[in-house]
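Letters go in sequence order (proteins before strands), and every chain restarts at 1. Model, not experiment: these values are computed from the prediction.
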2 protein chains.
Amino acid sequence: MRQDSRLSRMLHVLIHMNRHEGSATSEAIAGMLNANPVVIRRTMAGLREKGYVRSEKGHGGGWTLSRPLAELTLLDVYQAIGEPPVFAVGPACDQPECLVEQAVNAALGDALAEAEKLLLERFGDVTLADIARDFDERMAKTGRDVSHEGAECRARHVSAKA
Amino acid sequence: MRQDSRLSRMLHVLIHMNRHEGSATSEAIAGMLNANPVVIRRTMAGLREKGYVRSEKGHGGGWTLSRPLAELTLLDVYQAIGEPPVFAVGPACDQPECLVEQAVNAALGDALAEAEKLLLERFGDVTLADIARDFDERMAKTGRDVSHEGAECRARHVSAKA
DNA sequence: TGGGTTTGTAACTTTTGTTGTTGCGTAAGG
DNA sequence: CCTTACGCAACAACAAAAGTTACAAACCCA
């Protein structure tokens, strides 16, 4: 099953936007993420509805942050993109008649629910400012900001198997 | 993203096999799960390699359990089917050059790793005998075993939205 | 007002992974 | 030797994210 990268992408964008003066167009953002402008608009729409970003049309338009990163958690962003399914494993059937399958779903569901609860709690604990701070530390170590200077991430479609 | 139902299915099968005298053919199992015999063989192959089940060809052949349910945990079964990815959300890129993306991946990865650890711990805590016991309780309440008497689960492809 | 810029959206294609299907080989048994 | 089953490879169907195309709507500036 393919993984949904929308959350990761939105986090990435928001932090870049914070380090950016003025607004960024979908085109520019798509360039940073090595992605498609329309896909960016599609995904950012959720953030706009929540009031986390604003978009403006026409000359000098684009996207701007409308609240500080310290007031945004991973959970906020996750919810803004529509709370997509967290797990790639799950029951074969949601409303089984078979009592065995009901018991299986209950056991599996309990474990998954617990893990999801923990995950969302962790998401709620981390603000985008925390991530930005981690970025600053990484940059201090490296000595320079290599983000988006040249080659973008091209490793995405490389097979994981050796 | 579509959910992987192999774990759920294998749990379902194993418990039925335990309540079954003798062996069950792929055809019969596929009937119980409302699935395809070839898919069953494909998935059960992993369980066979681990020694959890045996398969025999020819007349009277089929699949049989080769160890008690109390000695099988959800984790064992999960590993037997090849430890498929647990999460449907994940990073856009595994080896990003961008330091922002590295920081995002670190934060996201930490939360996901913690949730996965908890999930697999829970999987390790639950034996198939536990699930079978839960089934017995459900049957006691209902008064009869309605499992696979008539209609199978057909709700699978029904839209979740109202 | 007119033209270029940029978002908003719908429709369609591409891609990736699970599931389903077909076909043929092999082993077991009567 | 013929039927029953599994083993396996190759391919089709399907679902969901991502990419693409096309066009409308809003905005800014000259």
Side-chain angles (χ1 to χ4, degrees), chain A residues 1-10 13 22-31 33-49 53-64 81-93 153 156-161, chain B residues 1-10 13 22-31 33-49 53-64 81-93 153 156-161:
Chain A
M1 192 180 284
R2 198 191 205 171
Q3 282 194 328
D4 187 333
S5 63
R6 281 176 291 184
L7 174 57
S8 162
R9 282 180 162 180
M10 289 302 100
V13 167
S23 60
T25 66
S26 307
E27 195 91 32
I29 293 171
L33 301 204
N34 213 33
N36 190 285
V38 180
V39 176
I40 299 300
R41 286 198 276 270
R42 205 144 67 194
T43 315
M44 301 274 286
L47 301 184
R48 183 184 48 222
E49 278 165 28
V53 297
R54 260 194 317 271
S55 65
E56 303 208 75
K57 297 178 178 179
H59 275 287
W63 299 85
T64 47
I81 62 173
E83 310 192 46
V86 169
F87 295 109
V89 295
C93 169
C153 174
R156 187 149 181 231
H157 298 295
V158 174
S159 148
K161 300 275 178 179
Chain B
M1 184 181 284
R2 198 190 205 172
Q3 282 195 328
D4 187 333
S5 63
R6 282 175 290 184
L7 175 56
S8 162
R9 282 179 163 181
M10 288 303 100
V13 168
S23 59
T25 66
S26 307
E27 195 92 31
I29 293 172
L33 303 204
N34 214 31
N36 189 287
V38 180
V39 176
I40 299 300
R41 285 199 275 270
R42 204 142 70 194
T43 315
M44 301 274 286
L47 301 184
R48 184 183 48 221
E49 277 164 28
V53 298
R54 261 194 315 270
S55 64
E56 304 209 76
K57 297 179 177 179
H59 275 288
W63 300 86
T64 47
I81 62 173
E83 310 192 47
V86 170
F87 295 108
V89 296
C93 169
C153 173
R156 189 155 178 223
H157 297 295
V158 173
S159 147
K161 301 274 178 180

Grab the [atom1]-[atom2] distance between [X] and [N] for me, whole Å please.
{"X": "A:Arg48", "N": "C:dT6", "atom1": "CZ", "atom2": "P", "result": "17 Å"}
{"X": "B:Ile40", "N": "D:dC6", "atom1": "CD1", "atom2": "P", "result": "11 Å"}
{"X": "A:Arg41", "N": "D:dC23", "atom1": "CZ", "atom2": "C1'", "result": "12 Å"}
{"X": "A:Gln3", "N": "D:dA18", "atom1": "CD", "atom2": "P", "result": "10 Å"}
{"X": "B:Arg6", "N": "C:dG20", "atom1": "CZ", "atom2": "P", "result": "11 Å"}
{"X": "B:Phe87", "N": "C:dG17", "atom1": "CZ", "atom2": "P", "result": "18 Å"}

Candidates C:dT9, D:dT20, C:dT18 - which lies nearest the side chain of A:Asn36: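 So the side chain of A:Asn36 is nearest to D:dT20.
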Side chain of B:Thr25 - closest among C:dT19, D:dA5, C:dT7: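 Nearest listed nucleotide: D:dA5.
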By side chain to side chain contact (heavy atoms under 4.5 Å, CB included) - contacts of A:Glu83 (at least two apart):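 With neighbours one apart ignored, the set is A:Tyr78, A:Gln79.
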With B:Glu49 via side chain to side chain contact (heavy atoms under 4.5 Å, CB included) - residues at least two apart: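 Testing B:Glu49 for side chain to side chain contact (heavy atoms under 4.5 Å, CB included), a comparison that skips the adjacent residues, returns none.
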A:Ser5 side chain near D:dA17 phosphate (N/O to OP1/OP2, under 4.0 Å):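 Checking A:Ser5 against D:dA17: no side-chain N or O falls below 4.0 Å of OP1 or OP2.
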Presence of A:Ser55 side-chain N/O under 4.0 Å of C:dT7 phosphate oxygens OP1/OP2: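 Answer is no, no contact under 4.0 Å.
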Any donor-acceptor N/O pair, A:Thr25 side chain to A:Ala28 backbone, under 3.5 Å: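 Yes, because the side chain of A:Thr25 sits within donor-acceptor range (under 3.5 Å) of the backbone of A:Ala28.
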Residue pairs fulfilling side-chain hydrogen bond (donor to acceptor under 3.5 Å, both in side chains) with at least one residue in residues 36-45 of chain B, sequence neighbours excluded: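 The answer is B:Ser26-B:Arg41.
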Closest-nucleotide 5' rank along DNA chain D - winner of A:Thr43 and B:Gly62: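 The residue closer to the strand's 5' end, by nearest nucleotide, is B:Gly62.
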Hey, what are the protein-to-nucleotides 11-13 of chain C N/O distances that come in under 3.5 Å?
{"from": "C:dA11", "atom 1": "N6", "to": "A:Arg42", "atom 2": "NH1", "distance (Å)": "3.3"}

Identify all pairs in which a protein N or O lies below 3.5 Å from an N or O of nucleotides 24-30 of chain D, and state each distance.
{"from": "D:dA26", "atom 1": "O4'", "to": "A:Lys57", "atom 2": "NZ", "distance (Å)": "3.2"}

Rounded to 10 degrees, the angle between the two terminal axes of the helix from C:dT1-D:dA30 to C:dG30-D:dC1, each from five pairs: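 Comparing the axis at each end, I get an angle of 10°.
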